[in-house]
Amino acid sequence: MAYYSLEPWGTEVEDLRTGIVASTIANANRDPKKQRKPFKPQDFMPQWDKPRQQEQTPEEQRKIIEMWHALLGGNHG
């Protein structure tokens, strides 16, 4: 634990290091008129704690199938 507090390792630290490099490159090429706020390393890091998308209800699935059916020129019958 003492060594880890001095030299952390693992995927979270690797993601941060990669985010630092990516944000540096992005900020060096950023047009301040289009992108006013500078990029942060976190902007380039995976978000592992994102909430899961709620499952579709059978009714929502049916509506999606009907939409695709209509878009692809299907007929009812």
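Predicted model, so just to flag it, every value in this text is computed and none were measured.
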Gln35 side-chain N/O to Lys33 backbone N/O, donor-acceptor pair under 3.5 Å: no
Please round to the nearest 0.5 Å and tell me the distance separating atom CD1 of Ile20 and atom OG1 of Thr24. 7.5 Å
If you define the side chain from C-beta out and look only at heavy atoms, does anything of Ser23 sit under 4.5 Å from Asp43? no
Any idea which heavy atoms bring Arg36 and Arg30 closest together, and the distance? O-NH1, 3.2 Å
Is there a path of hydrophobic side-chain contacts, each under 4.5 Å between heavy atoms of I/L/V/M/F/W/Y residues, joining Ile65 to Leu71? no
Just to verify, which of Glu60, Glu59, Gln54 counts as forming a side chain to side chain contact (heavy atoms under 4.5 Å, CB included) with Gln56? Glu60
What is the minimum heavy-atom distance between Met45 and Glu12, and which atoms define it? CE-O, 4.3 Å
How far apart are the closest heavy atoms of Phe44 and Ala26, and which atoms are they? CZ-CB, 3.7 Å
Looking at every non-hydrogen atom in both residues, tell me the closest pair between Tyr4 and Val13 and how far apart they are. OH-CG2, 4.5 Å
Here the gap from Met1 atom CE to Leu6 atom CG, rounded to the nearest 0.5 Å, amounts to 12.0 Å
